[in-house]
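Down below is the structure, laid out as C-alpha coordinates.
Keep in mind that the numbers below use all heavy atoms, side chains included, and drop hydrogens, waters and symmetry copies. This structure is a prediction, so every number in the text was calculated from the model and none was measured. When a ligand or atom number is given, it counts from 1 through the structure's own listing order.
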Amino acid sequence: MTIQFIDLQRQYQRIENALWERLSKVLKSCKFILGPEVAELETKLSEFVGRKYCVSCSSGTDALLMPLMAWGIGSGDAVFTSPFTFIATSEVIRLVGATPVFVDIDPRTFNIDPAELERNIVEVISQGKLKPKAIIPVDLFGLPANYEKILDIAKKYNLLVLEDAAQGFGGVWNGKYACSFGNASATSFFPAKPLGCYGDGGAVFTDDPELYELLLSIRVHGQGGNKYENVRNGINGRLDTLQAVVLLAKLELFPEELKLRNEVAQKYCTLLKGKVETPFVPEGYTSSWAQFSVLAKDETERKRIIEKLNEKGIPTAIYYPKPLHLQKVNLDLGYKEGDFPVSESIAKRIFSLPMHPYLKDAEIEMISSTIIEALNL
Ligand SMILES: *Cc1c(COP(=O)(O)O)cnc(C)c1O
(Lines give C-alpha, C1' and ligand atoms only; values in the text may rest on other atoms or scores of the structure.)
Protein backbone atom coordinates (compact mmCIF):
# COMPACT_ATOMS: atom_id res chain seq x y z
CA MET A 1 0.00 0.00 0.00
CA THR A 2 1.61 3.29 -1.04
CA ILE A 3 -0.11 6.30 0.39
CA GLN A 4 0.16 9.65 -1.39
CA PHE A 5 0.04 12.90 0.57
CA ILE A 6 -2.25 14.22 -2.15
CA ASP A 7 -3.28 11.66 -4.76
CA LEU A 8 -3.73 13.36 -8.11
CA GLN A 9 -3.46 10.09 -10.03
CA ARG A 10 -6.70 8.65 -8.73
CA GLN A 11 -8.42 11.89 -9.64
CA TYR A 12 -6.83 11.93 -13.11
CA GLN A 13 -8.19 8.48 -13.86
CA ARG A 14 -11.70 9.81 -13.30
CA ILE A 15 -11.39 12.79 -15.66
CA GLU A 16 -8.97 11.37 -18.23
CA ASN A 17 -11.38 10.90 -21.15
CA ALA A 18 -13.39 14.08 -20.71
CA LEU A 19 -10.23 16.08 -20.16
CA TRP A 20 -8.44 14.86 -23.30
CA GLU A 21 -11.44 15.76 -25.37
CA ARG A 22 -11.31 19.33 -24.08
CA LEU A 23 -7.53 19.59 -24.29
CA SER A 24 -7.49 18.46 -27.89
CA LYS A 25 -10.15 21.04 -28.76
CA VAL A 26 -7.91 23.78 -27.38
CA LEU A 27 -4.85 22.38 -29.14
CA LYS A 28 -6.72 22.34 -32.45
CA SER A 29 -8.11 25.85 -31.97
CA CYS A 30 -4.65 27.24 -31.02
CA LYS A 31 -6.36 29.82 -28.76
CA PHE A 32 -3.86 29.30 -25.97
CA ILE A 33 -4.14 32.77 -24.44
CA LEU A 34 -7.55 33.91 -23.14
CA GLY A 35 -9.42 31.39 -25.29
CA PRO A 36 -13.20 31.13 -24.79
CA GLU A 37 -12.73 28.41 -22.14
CA VAL A 38 -11.14 30.99 -19.82
CA ALA A 39 -14.34 33.07 -19.82
CA GLU A 40 -16.42 29.89 -19.47
CA LEU A 41 -14.41 28.94 -16.40
CA GLU A 42 -14.73 32.42 -14.89
CA THR A 43 -18.51 32.31 -15.25
CA LYS A 44 -18.71 28.86 -13.66
CA LEU A 45 -16.39 29.82 -10.82
CA SER A 46 -18.25 33.02 -9.98
CA GLU A 47 -21.54 31.09 -10.01
CA PHE A 48 -20.05 28.44 -7.76
CA VAL A 49 -18.76 30.84 -5.10
CA GLY A 50 -21.62 33.33 -5.42
CA ARG A 51 -19.75 36.45 -6.54
CA LYS A 52 -20.57 38.77 -9.43
CA TYR A 53 -17.10 38.76 -11.00
CA CYS A 54 -14.20 36.37 -11.41
CA VAL A 55 -10.85 37.25 -12.98
CA SER A 56 -8.72 34.17 -13.49
CA CYS A 57 -4.97 34.67 -13.36
CA SER A 58 -1.57 33.05 -13.41
CA SER A 59 -1.24 32.09 -9.73
CA GLY A 60 -2.66 32.55 -6.26
CA THR A 61 0.16 34.99 -5.58
CA ASP A 62 -0.89 37.18 -8.51
CA ALA A 63 -4.50 36.87 -7.37
CA LEU A 64 -3.42 38.48 -4.08
CA LEU A 65 -1.16 41.01 -5.74
CA MET A 66 -3.59 42.39 -8.32
CA PRO A 67 -6.26 43.74 -5.91
CA LEU A 68 -3.54 45.43 -3.82
CA MET A 69 -2.25 47.08 -7.01
CA ALA A 70 -5.78 48.04 -8.06
CA TRP A 71 -6.45 49.67 -4.69
CA GLY A 72 -3.22 51.65 -4.94
CA ILE A 73 -1.89 50.24 -1.68
CA GLY A 74 1.78 51.05 -1.26
CA SER A 75 4.43 52.81 0.74
CA GLY A 76 3.29 54.00 4.17
CA ASP A 77 0.25 51.72 4.22
CA ALA A 78 -0.32 49.00 6.81
CA VAL A 79 -1.84 45.68 5.76
CA PHE A 80 -2.82 43.37 8.61
CA THR A 81 -2.36 39.63 8.19
CA SER A 82 -1.45 36.39 9.87
CA PRO A 83 2.16 35.32 10.43
CA PHE A 84 1.03 31.68 10.26
CA THR A 85 0.58 31.22 6.51
CA PHE A 86 2.48 30.67 3.27
CA ILE A 87 5.04 33.35 2.41
CA ALA A 88 3.00 34.65 -0.57
CA THR A 89 0.57 36.36 1.82
CA SER A 90 3.18 38.79 3.16
CA GLU A 91 5.24 38.79 -0.03
CA VAL A 92 2.52 40.58 -2.03
CA ILE A 93 2.18 43.27 0.65
CA ARG A 94 5.91 43.92 0.38
CA LEU A 95 5.90 43.78 -3.41
CA VAL A 96 3.58 46.79 -3.55
CA GLY A 97 5.76 48.57 -0.99
CA ALA A 98 3.30 48.43 1.90
CA THR A 99 4.11 47.15 5.40
CA PRO A 100 2.72 43.87 6.72
CA VAL A 101 1.49 44.15 10.28
CA PHE A 102 1.31 40.64 11.67
CA VAL A 103 -1.46 39.60 14.03
CA ASP A 104 -1.33 36.39 16.08
CA ILE A 105 -3.76 33.55 15.44
CA ASP A 106 -6.51 31.79 17.32
CA PRO A 107 -4.98 28.61 18.81
CA ARG A 108 -7.96 26.49 17.81
CA THR A 109 -8.66 27.56 14.21
CA PHE A 110 -5.10 28.73 13.32
CA ASN A 111 -6.74 31.74 11.66
CA ILE A 112 -6.20 35.41 12.53
CA ASP A 113 -7.48 36.29 16.02
CA PRO A 114 -10.09 39.09 15.69
CA ALA A 115 -9.40 40.54 19.16
CA GLU A 116 -5.69 40.76 18.37
CA LEU A 117 -6.55 42.26 14.99
CA GLU A 118 -8.46 45.14 16.54
CA ARG A 119 -5.75 45.67 19.15
CA ASN A 120 -3.13 45.96 16.39
CA ILE A 121 -5.23 48.33 14.29
CA VAL A 122 -5.70 50.63 17.28
CA GLU A 123 -1.98 50.47 18.01
CA VAL A 124 -1.00 51.37 14.42
CA ILE A 125 -3.45 54.28 14.48
CA SER A 126 -2.10 55.58 17.79
CA GLN A 127 1.53 55.28 16.62
CA GLY A 128 0.60 57.38 13.59
CA LYS A 129 3.44 56.10 11.38
CA LEU A 130 1.51 53.86 9.01
CA LYS A 131 -1.92 54.30 7.51
CA PRO A 132 -4.14 51.24 8.08
CA LYS A 133 -5.52 50.23 4.69
CA ALA A 134 -6.44 46.56 4.44
CA ILE A 135 -6.74 43.19 6.13
CA ILE A 136 -5.73 39.92 4.46
CA PRO A 137 -7.37 37.13 6.47
CA VAL A 138 -6.19 33.66 5.45
CA ASP A 139 -8.57 30.68 5.23
CA LEU A 140 -5.88 28.37 6.55
CA PHE A 141 -6.03 24.67 5.68
CA GLY A 142 -9.45 25.25 4.07
CA LEU A 143 -11.26 26.76 7.06
CA PRO A 144 -12.67 30.25 6.40
CA ALA A 145 -11.39 32.89 8.81
CA ASN A 146 -13.70 34.51 11.39
CA TYR A 147 -15.45 36.84 8.91
CA GLU A 148 -18.30 37.56 11.29
CA LYS A 149 -15.90 39.57 13.47
CA ILE A 150 -13.35 40.58 10.81
CA LEU A 151 -15.92 42.23 8.54
CA ASP A 152 -17.26 44.26 11.50
CA ILE A 153 -13.76 45.40 12.44
CA ALA A 154 -13.03 46.32 8.81
CA LYS A 155 -16.18 48.43 8.69
CA LYS A 156 -15.43 50.12 12.01
CA TYR A 157 -11.94 51.21 10.89
CA ASN A 158 -12.77 51.63 7.20
CA LEU A 159 -10.38 48.95 5.96
CA LEU A 160 -10.49 46.85 2.81
CA VAL A 161 -10.66 43.07 3.18
CA LEU A 162 -8.81 40.77 0.78
CA GLU A 163 -9.64 37.16 1.54
CA ASP A 164 -6.67 34.83 1.01
CA ALA A 165 -8.66 31.76 0.01
CA ALA A 166 -5.71 30.08 -1.73
CA GLN A 167 -6.46 27.06 0.47
CA GLY A 168 -10.05 27.94 1.18
CA PHE A 169 -11.83 27.24 -2.11
CA GLY A 170 -14.84 25.09 -1.23
CA GLY A 171 -14.95 26.10 2.43
CA VAL A 172 -18.19 27.53 3.82
CA TRP A 173 -19.22 30.03 6.47
CA ASN A 174 -22.78 31.08 7.19
CA GLY A 175 -24.09 29.29 4.09
CA LYS A 176 -21.67 31.14 1.82
CA TYR A 177 -18.65 29.75 0.03
CA ALA A 178 -15.10 30.92 0.59
CA CYS A 179 -14.05 33.46 -2.06
CA SER A 180 -17.21 35.44 -1.34
CA PHE A 181 -16.02 37.34 1.76
CA GLY A 182 -14.72 40.88 1.90
CA ASN A 183 -14.06 43.35 -0.93
CA ALA A 184 -12.11 40.81 -2.96
CA SER A 185 -11.00 37.21 -2.62
CA ALA A 186 -8.00 35.41 -4.04
CA THR A 187 -7.63 31.71 -4.66
CA SER A 188 -4.92 29.44 -6.05
CA PHE A 189 -5.15 26.53 -8.48
CA PHE A 190 -1.69 25.21 -7.64
CA PRO A 191 -2.00 21.42 -8.15
CA ALA A 192 -2.08 20.60 -4.43
CA LYS A 193 -4.87 23.05 -3.52
CA PRO A 194 -8.46 21.81 -3.11
CA LEU A 195 -9.21 22.78 -6.72
CA GLY A 196 -5.94 22.50 -8.61
CA CYS A 197 -4.90 22.65 -12.25
CA TYR A 198 -1.86 21.04 -13.90
CA GLY A 199 0.46 23.97 -13.40
CA ASP A 200 0.09 27.40 -11.85
CA GLY A 201 -3.18 29.28 -11.77
CA GLY A 202 -5.39 31.45 -9.62
CA ALA A 203 -8.44 33.70 -9.55
CA VAL A 204 -9.74 36.88 -7.97
CA PHE A 205 -13.41 37.30 -7.04
CA THR A 206 -15.30 40.49 -6.30
CA ASP A 207 -18.74 42.09 -6.46
CA ASP A 208 -17.27 45.52 -7.21
CA PRO A 209 -17.57 46.50 -10.92
CA GLU A 210 -14.83 49.16 -10.70
CA LEU A 211 -12.36 46.76 -9.15
CA TYR A 212 -13.31 44.18 -11.79
CA GLU A 213 -12.39 46.58 -14.61
CA LEU A 214 -9.09 47.46 -12.93
CA LEU A 215 -8.22 43.78 -12.48
CA LEU A 216 -8.88 43.04 -16.15
CA SER A 217 -6.50 45.84 -17.07
CA ILE A 218 -3.79 44.93 -14.54
CA ARG A 219 -3.90 41.28 -15.66
CA VAL A 220 -2.73 42.37 -19.14
CA HIS A 221 0.04 44.91 -18.50
CA GLY A 222 -2.33 47.69 -17.45
CA GLN A 223 -3.97 47.82 -20.83
CA GLY A 224 -6.44 50.56 -21.70
CA GLY A 225 -8.87 50.43 -24.61
CA ASN A 226 -6.68 47.93 -26.41
CA LYS A 227 -3.57 45.84 -25.98
CA TYR A 228 -1.15 48.51 -27.17
CA GLU A 229 -2.56 51.31 -25.08
CA ASN A 230 -1.22 51.10 -21.54
CA VAL A 231 -2.71 53.27 -18.85
CA ARG A 232 -1.20 51.87 -15.64
CA ASN A 233 1.37 49.39 -14.49
CA GLY A 234 0.18 45.83 -14.61
CA ILE A 235 1.59 42.34 -14.93
CA ASN A 236 1.44 39.40 -17.30
CA GLY A 237 -1.12 37.64 -15.14
CA ARG A 238 -3.29 35.55 -17.43
CA LEU A 239 -4.42 31.95 -16.89
CA ASP A 240 -3.60 29.61 -19.81
CA THR A 241 -6.54 28.24 -21.78
CA LEU A 242 -5.14 24.73 -21.26
CA GLN A 243 -5.27 25.20 -17.49
CA ALA A 244 -8.81 26.56 -17.77
CA VAL A 245 -10.02 23.32 -19.37
CA VAL A 246 -8.26 21.27 -16.69
CA LEU A 247 -10.19 23.30 -14.12
CA LEU A 248 -13.47 22.93 -16.03
CA ALA A 249 -13.04 19.16 -15.98
CA LYS A 250 -12.13 19.12 -12.29
CA LEU A 251 -14.88 21.52 -11.26
CA GLU A 252 -17.41 18.87 -12.27
CA LEU A 253 -16.01 16.50 -9.66
CA PHE A 254 -15.47 19.20 -7.07
CA PRO A 255 -18.76 19.07 -5.09
CA GLU A 256 -18.43 15.31 -4.72
CA GLU A 257 -14.76 15.66 -3.79
CA LEU A 258 -15.62 18.18 -1.09
CA LYS A 259 -18.02 15.66 0.42
CA LEU A 260 -15.39 12.92 0.24
CA ARG A 261 -12.76 15.16 1.86
CA ASN A 262 -15.14 15.85 4.72
CA GLU A 263 -15.76 12.13 5.17
CA VAL A 264 -12.01 11.49 5.32
CA ALA A 265 -11.64 14.26 7.92
CA GLN A 266 -14.48 12.78 9.98
CA LYS A 267 -12.86 9.35 9.98
CA TYR A 268 -9.49 10.76 11.02
CA CYS A 269 -11.14 12.73 13.83
CA THR A 270 -12.93 9.66 15.16
CA LEU A 271 -9.82 7.48 15.08
CA LEU A 272 -7.44 10.12 16.49
CA LYS A 273 -9.69 11.67 19.13
CA GLY A 274 -7.82 12.12 22.40
CA LYS A 275 -4.53 10.95 20.84
CA VAL A 276 -3.47 14.14 19.06
CA GLU A 277 -5.34 17.44 18.89
CA THR A 278 -7.59 17.12 15.84
CA PRO A 279 -8.79 20.15 13.80
CA PHE A 280 -11.49 22.37 15.24
CA VAL A 281 -14.28 23.44 12.89
CA PRO A 282 -16.51 26.04 14.57
CA GLU A 283 -20.29 25.89 14.29
CA GLY A 284 -21.55 27.27 10.97
CA TYR A 285 -18.27 26.50 9.16
CA THR A 286 -17.22 23.79 6.69
CA SER A 287 -13.59 23.24 5.77
CA SER A 288 -12.42 22.32 2.28
CA TRP A 289 -9.59 20.38 3.97
CA ALA A 290 -6.72 21.72 1.93
CA GLN A 291 -4.71 20.14 4.73
CA PHE A 292 -5.58 17.89 7.64
CA SER A 293 -3.32 19.27 10.35
CA VAL A 294 -3.07 17.97 13.90
CA LEU A 295 -1.12 19.04 16.98
CA ALA A 296 1.28 16.87 18.95
CA LYS A 297 1.91 17.61 22.63
CA ASP A 298 5.34 19.08 21.86
CA GLU A 299 8.17 19.10 19.33
CA THR A 300 9.64 15.81 20.61
CA GLU A 301 6.36 13.97 20.31
CA ARG A 302 5.84 15.38 16.82
CA LYS A 303 9.25 14.13 15.76
CA ARG A 304 8.51 10.66 17.11
CA ILE A 305 5.19 10.45 15.26
CA ILE A 306 6.57 11.74 11.96
CA GLU A 307 9.50 9.32 12.10
CA LYS A 308 7.18 6.38 12.69
CA LEU A 309 4.87 7.45 9.84
CA ASN A 310 7.77 7.94 7.44
CA GLU A 311 9.23 4.57 8.45
CA LYS A 312 6.04 3.01 7.13
CA GLY A 313 6.17 5.06 3.94
CA ILE A 314 3.42 7.46 5.04
CA PRO A 315 4.19 10.99 3.85
CA THR A 316 3.73 13.97 6.19
CA ALA A 317 4.37 17.70 5.97
CA ILE A 318 4.80 20.60 8.37
CA TYR A 319 2.78 23.70 7.56
CA TYR A 320 4.44 25.91 8.75
CA PRO A 321 7.71 25.29 10.55
CA LYS A 322 8.64 29.01 10.65
CA PRO A 323 6.11 31.84 10.99
CA LEU A 324 6.50 34.71 8.53
CA HIS A 325 7.73 37.28 11.06
CA LEU A 326 10.82 35.11 11.62
CA GLN A 327 11.59 34.54 7.93
CA LYS A 328 14.82 36.15 6.80
CA VAL A 329 13.05 38.18 4.12
CA ASN A 330 10.90 39.84 6.80
CA LEU A 331 13.55 40.41 9.49
CA ASP A 332 13.86 44.09 8.50
CA LEU A 333 10.32 44.58 9.80
CA GLY A 334 11.81 44.34 13.27
CA TYR A 335 9.84 41.43 14.71
CA LYS A 336 11.53 38.93 16.99
CA GLU A 337 10.97 35.54 18.52
CA GLY A 338 8.26 35.75 21.18
CA ASP A 339 6.21 38.39 19.37
CA PHE A 340 3.53 35.88 18.30
CA PRO A 341 3.50 33.15 20.97
CA VAL A 342 0.50 31.25 19.57
CA SER A 343 1.90 31.00 16.03
CA GLU A 344 5.35 30.13 17.33
CA SER A 345 4.12 27.40 19.65
CA ILE A 346 1.83 25.87 17.01
CA ALA A 347 4.69 25.89 14.47
CA LYS A 348 6.53 23.54 16.83
CA ARG A 349 3.64 21.13 17.36
CA ILE A 350 1.73 20.99 14.09
CA PHE A 351 1.98 18.43 11.28
CA SER A 352 -0.24 17.43 8.37
CA LEU A 353 -1.44 13.99 7.35
CA PRO A 354 -2.26 12.68 3.87
CA MET A 355 -5.53 14.30 2.77
CA HIS A 356 -7.38 13.88 -0.52
CA PRO A 357 -10.84 12.74 -1.60
CA TYR A 358 -9.67 9.27 -2.63
CA LEU A 359 -8.05 8.17 0.62
CA LYS A 360 -9.39 4.70 1.45
CA ASP A 361 -10.70 3.59 4.84
CA ALA A 362 -7.85 1.07 5.18
CA GLU A 363 -5.34 3.85 4.54
CA ILE A 364 -6.91 6.19 7.08
CA GLU A 365 -6.92 3.34 9.60
CA MET A 366 -3.29 2.47 8.94
CA ILE A 367 -2.18 6.11 9.28
CA SER A 368 -4.14 6.54 12.51
CA SER A 369 -2.93 3.29 14.08
CA THR A 370 0.66 4.20 13.21
CA ILE A 371 0.25 7.51 15.06
CA ILE A 372 -1.20 5.71 18.08
CA GLU A 373 1.67 3.20 17.94
CA ALA A 374 4.19 6.06 17.97
CA LEU A 375 2.45 7.63 20.96
CA ASN A 376 2.70 4.36 22.90
CA LEU A 377 6.46 4.01 22.30
C1 LIG B 1 -0.64 28.53 -2.05
C2 LIG B 1 -0.87 29.76 -1.33
C3 LIG B 1 -0.70 31.03 -1.92
C4 LIG B 1 -0.07 31.23 -3.27
O5 LIG B 1 -0.64 30.53 -4.31
P6 LIG B 1 0.25 30.19 -5.61
O7 LIG B 1 -0.77 29.73 -6.61
O8 LIG B 1 1.21 29.13 -5.22
O9 LIG B 1 0.92 31.43 -6.04
C10 LIG B 1 -1.06 32.15 -1.19
N11 LIG B 1 -1.54 32.05 0.07
C12 LIG B 1 -1.69 30.85 0.67
C13 LIG B 1 -2.26 30.82 2.06
C14 LIG B 1 -1.34 29.67 0.01
O15 LIG B 1 -1.50 28.51 0.64
Side-chain angles (χ1 to χ4, degrees), residues 5-6 8 41 45 54-69 79-96 100 102-103 105-106 109-112 134-147 150 161-171 178-179 181-182 184-205 218-219 235-240 243-244 246-247 250 279 287-293 317-325 327 329-330 343 346-347 350 352 355-356:
F5 192 66
I6 292 173
L8 295 173
L41 175 72
L45 288 173
C54 168
V55 178
S56 64
C57 62
S58 45
S59 69
T61 306
D62 284 345
L64 288 166
L65 179 65
M66 293 198 301
L68 296 180
M69 290 173 74
V79 179
F80 301 85
T81 195
S82 164
F84 196 65
T85 170
F86 182 58
I87 189 66
T89 316
S90 74
E91 182 183 39
V92 292
I93 300 169
R94 308 216 63 184
L95 278 173
V96 296
F102 292 119
V103 175
I105 55 171
D106 177 309
T109 62
F110 313 137
N111 284 331
I112 200 166
I135 308 164
I136 306 185
V138 180
D139 302 341
L140 201 73
F141 304 144
L143 180 72
N146 188 342
Y147 291 102
I150 293 167
V161 174
L162 171 57
E163 175 187 10
D164 181 347
Q167 302 176 15
F169 194 87
C179 290
F181 307 120
S185 309
T187 197
S188 164
F189 302 127
F190 182 81
K193 309 282 172 162
L195 178 65
C197 57
Y198 291 153
D200 279 306
V204 191
F205 297 87
I218 289 169
R219 179 171 70 175
I235 58 173
N236 176 357
R238 296 167 299 233
L239 179 76
D240 292 350
Q243 298 301 344
V246 171
L247 290 163
K250 288 202 188 185
S287 177
S288 62
W289 301 107
Q291 300 295 340
F292 188 87
S293 304
I318 296 178
Y319 302 113
Y320 293 93
K322 194 188 247 191
L324 300 191
H325 67 291
Q327 295 288 350
V329 65
N330 284 331
S343 298
I346 283 169
I350 203 159
S352 303
M355 166 52 82
H356 59 82

Atom pairs and distances, ligand 1 N/O vs protein N/O under 3.5 Å:
from: ligand 1; atom 1: 5 (O); to: Ser188; atom 2: OG; distance (Å): 3.4
from: ligand 1; atom 1: 7 (O); to: Gly60; atom 2: N; distance (Å): 2.7
from: ligand 1; atom 1: 7 (O); to: Ser188; atom 2: OG; distance (Å): 2.6
from: ligand 1; atom 1: 9 (O); to: Gly60; atom 2: N; distance (Å): 3.3
from: ligand 1; atom 1: 9 (O); to: Thr61; atom 2: N; distance (Å): 2.8
from: ligand 1; atom 1: 9 (O); to: Thr61; atom 2: OG1; distance (Å): 2.5
from: ligand 1; atom 1: 11 (N); to: Asp164; atom 2: OD1; distance (Å): 3.3
from: ligand 1; atom 1: 11 (N); to: Asp164; atom 2: OD2; distance (Å): 2.9
from: ligand 1; atom 1: 15 (O); to: Gln167; atom 2: NE2; distance (Å): 2.7
from: ligand 1; atom 1: 15 (O); to: Lys193; atom 2: NZ; distance (Å): 2.7

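- Ile105 is listed as a side-chain neighbour of Ser343, based on a closest heavy-atom distance under 4.5 Å.
- Judged by distance alone, the side chain of Gln243 and the main-chain N or O of Tyr198 form a donor-acceptor pair under 3.5 Å.
- Aromatic ring pairs are classed by plane angle as parallel below 30°, tilted from 30° to 60° and perpendicular above 60°; the pair Phe189 and Phe169 is perpendicular.
- At least one donor-acceptor pair under 3.5 Å links the side chain of Glu163 to the backbone N or O of Phe181.
- The shortest side-chain heavy-atom distance between Ile93 and Ile136 falls under the 4.5 Å cut-off.
- Although no hydrogens or angles enter the test, the distance criterion places a donor-acceptor pair under 3.5 Å between the side chain of Asp139 and the main chain of Ala145.
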